[in-house]
Protein chains: 4
Amino acid sequence: MAGFDQRREQVLDGCARAFALKGYQGASIRDIARAVPMSAGGLYHYCSNKQEFLYQVCDRAFHSLIERLTTGLDGIDDPSERVHTVFKSHLAYFLERPDELITLTEDLSSLEAPWASRVRVLQRQYYGIVSDVLAPFAVPGGISLRVATMSLFGMINWVHTWYRRGADPGADALARQMSDLFLSGFAAAAPETARSVQGGSER
Amino acid sequence: MAGFDQRREQVLDGCARAFALKGYQGASIRDIARAVPMSAGGLYHYCSNKQEFLYQVCDRAFHSLIERLTTGLDGIDDPSERVHTVFKSHLAYFLERPDELITLTEDLSSLEAPWASRVRVLQRQYYGIVSDVLAPFAVPGGISLRVATMSLFGMINWVHTWYRRGADPGADALARQMSDLFLSGFAAAAPETARSVQGGSER
Amino acid sequence: MAGFDQRREQVLDGCARAFALKGYQGASIRDIARAVPMSAGGLYHYCSNKQEFLYQVCDRAFHSLIERLTTGLDGIDDPSERVHTVFKSHLAYFLERPDELITLTEDLSSLEAPWASRVRVLQRQYYGIVSDVLAPFAVPGGISLRVATMSLFGMINWVHTWYRRGADPGADALARQMSDLFLSGFAAAAPETARSVQGGSER
Amino acid sequence: MAGFDQRREQVLDGCARAFALKGYQGASIRDIARAVPMSAGGLYHYCSNKQEFLYQVCDRAFHSLIERLTTGLDGIDDPSERVHTVFKSHLAYFLERPDELITLTEDLSSLEAPWASRVRVLQRQYYGIVSDVLAPFAVPGGISLRVATMSLFGMINWVHTWYRRGADPGADALARQMSDLFLSGFAAAAPETARSVQGGSER
DNA sequence: TATGAATGAGCATTCATTCAT
DNA sequence: AATGAATGAATGCTCATTCAT
């Protein structure tokens, strides 16, 4: 039983790797089998079809993200620090298990009924937590909470397209830069010239 | 000759629609043929293979983006306003031709050699322009220009996943919110309580 | 157009041959392709799936049977001779196109919705014609028309399991024996001993 | 040992049910396993492969048919009554164990070497008994014994395709109708009109 | 005996692509 | 310029069968 569950984890890891590498549509069952490794037929002990593999990968990833984030936010009261925690938690997970997060970001749209709706519940839950963290900063007439939340997700979900391990900063440093940018803006620490021009040229 | 070029545009429009709908890997030549509409065999008068269609769509899209952005930036000197122009130009194009931008965002990674390298030149050119627009705000020891640029692209490239026509703001309003967020941060106009707490936790 | 329809006939002939040889379930698409001959993929220009091939074969066969039988019965008034015509018409078709009739007899039960119901209409039509031919011989309290009709079909549909070309009688002679058996019984011309015993045990 | 043999009977019952329902080719080992019920792997304690299951089902069925028929014929001297016994014995078995007889009728042709030849011995034995029962009615120049025997088998082997429990007569009544039809013909008791016409066209 | 994970061959079907028309 | 029949490779998936437990 334990052996079976352990093997399932290996299988899902292989799925995530294959999906991340070639995309859900581009990854064949044989690609997954090669990544596990296992025979193509044998994979069907762990799913009833390919869609279910995508579902299981996404489900597992969202559960991890949610659990890590709620744990990470626990005991942190400062609103800004809570925002920083969102970035840090998500980016740390991305750097630990990039395949899962790449799959989640790129292939979630390939998930069909009835799996899609089940994952969307988790997605909304995760978005909800983040939105709640951002809510204290929302002001009527200002940037809408929705736009801010989606912008935050855009920032972190885009990371996998450009991040280079070694060359780019680690999870903490990157999270710090990104949360600073998100909360205070890129112009916050801009040199005097630019800042004054910005102020003076307002229209 | 003009007729041929006009037909080619229709063909590329069909490709973009099919790619945006099902993804490059998920869209079959017959899907494209249905979207044009034209017979599957007939499509091969306009390409030598499916990859080339993806290349043509991406190439056309990047050229449009670059041309619109350079035109848009022309004559604007204020650094902040230039940033705003980046958002506005990109978002306007997305709302005008969503299929092309969705294809660019989601399927560029499916482009293989030797087309990929040719498109990457345009991509770098576009990123370069944007990076130059952001450069005046960069400060040593602060948020890196690279992280800022990539964050900006994350924000705008993620829009297609959540934007709902009618419900969400138009290109101008959205660009204003996003450039404000990007330049001044979400906390800029936050209520006193949140701001003070933030201030207290500043480091 | 004519070429396409002609090719379709060849394809259906190949289907019938493959189905007759290995059974519907046992015949693979590649078996059919080999029997036509044509590539497996190419077959899908003539059907949307394997079931549809079975449908087309059965449909064509029933139409032929019905047309031949109605033509054959035309102008024949004598009830016994009409019964004989049923046997003759069916057996002649069997000897001309055994593959189709074997498929009809053995594989009709493999036809699924929604094709099954469409073929069942033809089947009932054919059964109806035969039943009407037998009706004049039915008597209340005697052998039921239903049992008689089904027995007749049992007799002729079983032929393909034992008939050996060359060794067994031709269509006409076989039909004569079978219709005699069906109408007058095997004991009709039995030797005195058997007949008298039979008569004595009548109840 | 007794437990094993009992279990083997259950396994063969499951095979017969699965084969009758989906056909030999259409029934998977897992279908059989579900019908027993037992795990797929466990079935291989009772056979060396799927063909052997078909063999065992057919073998058992033919042995039953032969034993029941010889027992049934024992002590019956009247030729007609012996024919009736053939119908009654076979139909009774069909109604008691339809799955086995359906398998025998539909799937015997799927049995391959070397099992086929072994079963064919039993088949010929059963056919031989029936043929011997019919022999007293054969007359030179009349309906051949072979055609008569095969027609009888056609009649009874077709029953499973149309018989509806409840709606159609029981084994005895059906056997009576069928043996009457077989021995005396459907026209035997036909109304005067039909009979006279038949008589007039006699040749 | 019985299980169920595992395999490799085979399945029906779809694919990108070619080519005669 | 355009069609659609045709192909061979590849797809997701099921199969009969094996074997460690």
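Reckoned from all heavy atoms, side chains included, excluding hydrogens, waters and symmetry mates. We name chains A, B, ... by the order of the sequence lines, and we start the count at 1 in each one.
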A:Gln51 (side chain) donor-acceptor with A:Glu112 (main chain) under 3.5 angstrom: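 Yes, A:Gln51 side chain to A:Glu112 backbone: donor-acceptor pair under 3.5 Å.
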Taking [atom1] from [X] and [atom2] from [N], how many angstroms apart are they, rounded to a whole number?
X: C:Gln6; N: F:dA5; atom1: CD; atom2: P; value: 15 Å
X: D:Tyr44; N: E:dG4; atom1: OH; atom2: P; value: 16 Å
X: B:Arg34; N: F:dA2; atom1: CZ; atom2: P; value: 19 Å
X: B:Ile32; N: F:dA2; atom1: CD1; atom2: P; value: 16 Å
X: A:Arg8; N: E:dA6; atom1: CZ; atom2: P; value: 11 Å
X: A:Asp5; N: E:dG4; atom1: CG; atom2: C1'; value: 14 Å
X: A:Glu52; N: F:dC13; atom1: CD; atom2: P; value: 10 Å
X: D:Gln25; N: E:dC11; atom1: CD; atom2: C1'; value: 13 Å

5'-most by nearest nucleotide on DNA chain F - A:Gly42 or C:Ala40: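 Residue closer to the 5' terminus by nearest nucleotide: C:Ala40.
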Taking for each residue the nucleotide of DNA chain F with the nearest heavy atom, is it A:Ser28 or B:His45 whose nucleotide lies nearer the 5' end?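 The residue whose closest nucleotide sits nearer the 5' end is B:His45.
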Any strand, both distances under 3.5 Å, Watson-Crick or G-U wobble: E:dC19 pairs with F:dG4
Could you check which nucleotide pairs with F:dG12 in any of the strands shown, counting Watson-Crick or G-U wobble with both distances under 3.5 Å? E:dC11
Establish, yes or no, whether the cationic atom of D:Lys50 lies under 6.0 Å from the six-membered ring centre of D:Tyr55 and within 45° of the ring axis.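 The answer is no, since D:Lys50 fails at least one limit relative to D:Tyr55.
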So, taking the atom named CG in A:Leu65 and the one named CD in A:Glu100, what distance separates them when rounded to the nearest 0.5 Å?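 Separation between the atoms: 8.5 Å.
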Taking for each residue the nucleotide of DNA chain E with the nearest heavy atom, is it D:Pro37 or A:Leu43 whose nucleotide lies nearer the 5' end?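 The answer here is D:Pro37.
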Can you work out whether A:Met38 or B:Asn49 has the more 5'-proximal nearest nucleotide on DNA chain E?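 The residue closer to the strand's 5' end, by nearest nucleotide, is A:Met38.
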Donor-acceptor side-chain pairing of A:Arg120 and A:Gln123 below 3.5 angstrom: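 The answer is no; no qualifying pair exists.
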Hey, is the side chain of A:Arg7 poking within less than 4.0 Å of OP1 or OP2 on E:dA6, counting only N and O atoms?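 Checking A:Arg7 against E:dA6: at least one side-chain N or O falls below 4.0 Å of OP1 or OP2.
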Check: E:dG10 base within 3.5 Å donor-acceptor of C:Arg30 side chain: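 Under the 3.5 Å cut-off, the side chain and the base do not form any donor-acceptor pair.
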Which nucleotide in the set [options] lies at the smallest distance from any side-chain heavy atom of [X]?
X: C:Ser39; options: E:dT3, F:dT7, F:dA2; value: F:dT7
X: B:Ile29; options: E:dT13, E:dA16, F:dG12; value: E:dA16
X: A:Lys50; options: F:dA2, E:dA5, F:dG12; value: F:dG12
X: C:Tyr46; options: E:dG4, F:dA5, E:dA12; value: F:dA5

State yes or no: are the ring centers of B:Phe19 and B:Phe53 separated by less than 6.0 Å? no
Using the rule salt bridge (charged side-chain N to carboxylate O under 4.0 Å, His left out), only one of D:Arg7, D:Arg97, D:Arg8 pairs with D:Asp13; which is it? D:Arg97
Using a heavy-atom cut-off of 4.0 Å across all strands, would you classify B:Ala33 as base, sugar-phosphate, or nothing?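 Result for B:Ala33 = nothing.
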